[in-house]
A.B. asks: 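To start, I am sharing the structure in question, which I have written as structure tokens.
Atoms within each ligand, like the ligands themselves, are counted from 1 in listed order.
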Amino acid sequence: MGKTIAQKIIGAHLISGNMTPGSEVALKIDQTLTQDATGTMAYLEFETMGIPRVKTEFSIAYVDHNTLQCGFENSDDHRYLQSVAAKHGVYFSRPGNGICHQVHLERFGKPGKTLIGSDSHTPTGGGIGMLAFGAGGMDVAVAMGGGAYYITMPRMFKVNLTGKLRPYVTAKDVSLELLRILSVKGGVGAIIEWGGPGVATLSVPERGTITNMGTELGATTSIFPSDEVTRQFLKAQGREGDYIPLASDPDAEYDRIIDIDLSALKPMIACPHSPDNVVEVSALKDVKVDQVCVGSCTNSSLLDLLKVAAMLKGKTIHPSVSLSVSPGSRQVLTMLSDCGALSDILASGARVLECACGPCIGMGFSPNSGGVSLRTFNRNFLGRSGTKDGQVYLVSPETAVASALTGYITDPTTLAEPLNISMPERFLINDSAVLPPLPPEEGEKAQVLRGPNIKEFPKSKPFADSLTAKLVLKVGDNITTDHIMPAGAKILPYRSNIPYLSQFCFEVCDPDFPSRAKAAGDGVIVGGSNYGQGSSREHAALVPMYLGIRCVIAKSFARIHVANLINAGILPLTFEHPEDYDCLAQDARLTISDIRKGMEEGTLTVTDDQGRSFRTLCHLTQRQQAILLAGGLLNYTKEGGV
Ligand code: MIC
Ligand code: SF4
């Protein structure tokens, strides 16, 4: 039987396991990336492993999330990251150099290689034919130390593209259309491969937009073939030598095939507060707009911003709209400036922000109270913008600009002038903001600079054979890691200070949760389906663990979060009968007995204080069982586990 692209790359990186969907495979990882908000934790974990130098082909630490320095905290973290990276063989991308996924695609991603990153949008690398996964910081630390990355072998989906996008209809609309079809749960357990004759019409940045947003489908990752378009892109980045062709075999088999005709697509928009709440832009034409933000790792490439500039040229944005533009990288910003496009953006009245995540993670530019904000980003979860009653919509850069000009949500295809923007033949190459690590002899002696913001890593407890704990929180479906551990300018600087962060755990759902959980001692959380979707932040597991949470029982889990729970030593259980969810009430005392035997058999019985019992499933590999019994991955590794 023929192979898909992902099966070929997995096959070439397989350390152990078999490639039948559902079984565990251990993969060799070629490259790692971290960003600052998750990176401090990842390097603290790496340091505890005691390995002097990373063992990957290439590892890099980006600073793009916590760039505002409103106090010493972020500056201290940046110094820590720079020094720990230099010491241990990791490249360091300085603050201002750009958003990790954009810079990685431009400068370091390579077709056919494996990449894991401590950020859920790492699959952006699939735009260049990499097999790239988002992961928790601990998994990245292990991979930096040369350890394998374990995943459940996914099913293979194919999106078959035909036709060609019409003017003002974009890659973002393709992503939103797929979210409309599949929902935020539709990609769980699958790798999405993009194929068909329409692929050749899409540039690498457009492919990157699509693989980036595959994360919102819950997919393990997404990938495009590596073809002539990829070669041209790499050549324009001065990296033609990194090109290899990659395609699936003609007789490769897929578990599901979805057809999308690019020519028939219309501009789409995701309404508050979920990326799959998608309708056609034209359906919302009377909605007044307060704020428009262009940028984020989804839509901040040079191609995107040249289009934005062309649409704004000679025009002024609507007086009631505030427009921000955050270029994805210094390369993008410099090239915009060199060709005059930056002046067109500035002359329109837009505010140009730094090359960083910025408003996407609530680092400034929060909307006004109840304000309507159109964003070219990938997530519009409740409260993520920093304004709890903000109404955030997700759109393409073209829809964003059309709306910024009119003051209302506007379908850009109603605009008269067609855009004629193409990819440059050569990008401007200047990697001076990427600092190489110290040579090994110097690295050994180098000092790591730690500020007072870095607090001790919380200790998790090994499991005894039975657990009695209080049900401290019951939540519904599609709980995101932004609900569990919010981000934003006020909290993000404390990503290496778990005790401080813990005050904000589940703040949007139930501000009393932290005090209740602490008072309860051992606690359980009950969730609906797709619990833990969204960001890869392991803080959404470490903080509940710090607050005493020992177990989460849900209807289903998101992939990265369940791995983070296990790494943090929290037992993830799935209801065998989802109706049992309805019978559970907050404050119940739950007992789980015969944990060791139940883990081996894959089912555990939970009994409440009324004597009612229900069964839960825990399909854990032997390694995962051992990690949990040890009380988390760090304890397991210290005890010699691999
Ligand atoms: C996000 O988009 O939610 C983030 C911020 O990039 C996160 C990582 C984090 O929480 O630091 C992600 O996507 O993994
Ligand atoms: Fe940064 Fe936003 Fe991308 Fe996350 S989704 S990496 S916060 S730009």
A.B. asks: Can you tell me which residue and heavy atom of the protein come closest to atom 8 (C) of ligand 1, and the distance to 0.1 Å?
C.D. replies: Gln35 NE2, 3.1 Å
A.B. asks: What are the atoms of ligand 1, with element, lying closer than 4.0 Å to any heavy atom of Ala37?
C.D. replies: 11 (O)
A.B. asks: Under a 4.0 angstrom heavy-atom cut-off, which atoms of ligand 1 come close to Ile361?
C.D. replies: 5 (C)
A.B. asks: Between Asp64 and ligand 2, which residue portion shows a heavy-atom distance shorter than 4.0 Å: side chain, backbone, both, or neither?
C.D. replies: neither
A.B. asks: When you look for heavy atoms under 4.0 Å from ligand 2, do you find them on the side chain of Asp119, its backbone, both, or neither?
C.D. replies: side chain
A.B. asks: Just going by heavy-atom distances, which of Ala540, Ser535, Gly136 is nearest to atom 7 (C) of ligand 1?
C.D. replies: Ser535
A.B. asks: Does the residue Met485 have a heavy-atom contact with ligand 1, meaning some pair of atoms that are separated by less than 4.0 Å?
C.D. replies: no
A.B. asks: Do Met363 and Leu492 have side chains that get closer than 4.5 Å, going by heavy atoms?
C.D. replies: yes
A.B. asks: I'd like to know if the side chain of Ser366 reaches the main chain of Ser385, judged simply by a donor and an acceptor atom lying under 3.5 Å from each other, with no hydrogens or angles considered.
C.D. replies: yes
A.B. asks: Can a side-chain donor-acceptor contact be found between Asp30 and His13 if the only test is distance below 3.5 angstrom?
C.D. replies: yes
A.B. asks: To which protein heavy atom is atom 10 (O) of ligand 1 closest, and what is the distance rounded to 0.1 Å?
C.D. replies: Arg537 NE, 2.5 Å
A.B. asks: Here's a test for you: under side-chain contact (heavy atoms from CB on, under 4.5 Å), which of Asn478, Val562, Ile525 qualifies with Tyr531?
C.D. replies: Ile525
A.B. asks: Mark up the atoms of ligand 2 that fall under 4.0 Å of a heavy atom belonging to Asn378, in ascending order.
C.D. replies: 5 (S)
A.B. asks: Within ligand 2, which atoms have a heavy atom of Ile361 less than 4.0 Å away?
C.D. replies: 7 (S)
A.B. asks: Between Arg495 and ligand 1, find which residue part has any heavy-atom pair under 4.0 Å and reply side chain, backbone, both or neither.
C.D. replies: side chain
A.B. asks: Side chain to side chain contact (heavy atoms under 4.5 Å, CB included) between Met423 and Phe233: does it pass, once the steps are laid out?
C.D. replies: CA-CA 8 Å; Met423 290 286 289; Phe233 176 82; 3.7 Å; yes
A.B. asks: Can you tell me the protein heavy atom closest to atom 13 (O) of ligand 1 and the distance?
C.D. replies: Ser120 OG, 2.6 Å
A.B. asks: Yes or no on side chain to side chain donor-acceptor pair (under 3.5 Å) for Thr376 and Asn299, after CA distance, side-chain angles and deciding distance?
C.D. replies: CA-CA 6 Å; Thr376 67; Asn299 277 124; 4.5 Å; no
A.B. asks: Answer yes or no for Cys360: is there an N/O/S atom below the 2.8 Å cut-off from atom 2 (Fe) of ligand 2?
C.D. replies: yes
A.B. asks: Apply side chain to side chain donor-acceptor pair (under 3.5 Å) to Gln31 and His104, showing your working.
C.D. replies: CA-CA 11 Å; Gln31 297 192 346; His104 210 81; 2.8 Å; yes
A.B. asks: Side chains of Asn530 and Asp477: any donor to acceptor distance under 3.5 Å?
C.D. replies: no
A.B. asks: Ser536 heavy atoms, cut-off 4.0 Å: which ligand 1 atoms fall inside?
C.D. replies: 12 (C), 14 (O)
A.B. asks: Quick one: sort the Phe506 and Phe513 rings into parallel, tilted or perpendicular, breaks at 30° and 60°.
C.D. replies: perpendicular
A.B. asks: Using the six-membered ring wherever Trp is involved, compare the ring planes of Tyr91 and Phe108 and label them parallel, tilted or perpendicular (cut-offs 30° and 60°).
C.D. replies: tilted
A.B. asks: May I ask you to identify the nearest protein heavy atom to atom 2 (O) of ligand 1, giving residue, atom name and distance to one decimal place in Å?
C.D. replies: Arg384 NH2, 2.8 Å
A.B. asks: Which is closest to atom 8 (S) of ligand 2 in terms of heavy atoms, Ala487, Cys297, Gly117?
C.D. replies: Cys297
A.B. asks: I need the atoms of ligand 2 closer than 4.0 Å to a non-hydrogen atom of His121, numbered in the order shown.
C.D. replies: 5 (S)
A.B. asks: Looking only at protein heavy atoms, identify the closest one to atom 4 (Fe) of ligand 2 and say how far it is in Å.
C.D. replies: His65 NE2, 3.7 Å
A.B. asks: So, do Tyr80 and Tyr43 have ring centers that fall under 6.0 Å from each other?
C.D. replies: no
A.B. asks: Do the side chains of Asp482 and Arg379 get close enough for a salt bridge, i.e. N-O under 4.0 angstrom?
C.D. replies: no
A.B. asks: Quick one: does His539 get within less than 4.0 Å of ligand 1, heavy atoms only?
C.D. replies: no
A.B. asks: For atom 1 (Fe) of ligand 2, what's the nearest protein heavy atom and its distance?
C.D. replies: Cys357 SG, 2.3 Å
A.B. asks: Whether Arg450 and Glu47 form a salt bridge (side-chain N of Lys/Arg under 4.0 Å from carboxylate O of Asp/Glu) is what I want to check.
C.D. replies: yes
A.B. asks: Measure Met363 to ligand 1 on non-hydrogen atoms and call it side chain, backbone, both or neither using the 4.0 Å cut-off.
C.D. replies: neither
A.B. asks: Do Arg379 and ligand 1 have an N or O pair less than 3.5 Å apart?
C.D. replies: yes
A.B. asks: Any N or O of His65 that comes nearer than 3.5 Å to an N or O of ligand 1?
C.D. replies: yes
A.B. asks: Quick check against the 3.5 Å criterion: does Asn497 have a side-chain atom that pairs as donor or acceptor with the backbone of Ile454?
C.D. replies: no
A.B. asks: Checking contacts here: is it the side chain or the backbone of Asp119 that comes within 4.0 Å of ligand 1, counting heavy atoms only? Could be both or neither.
C.D. replies: both
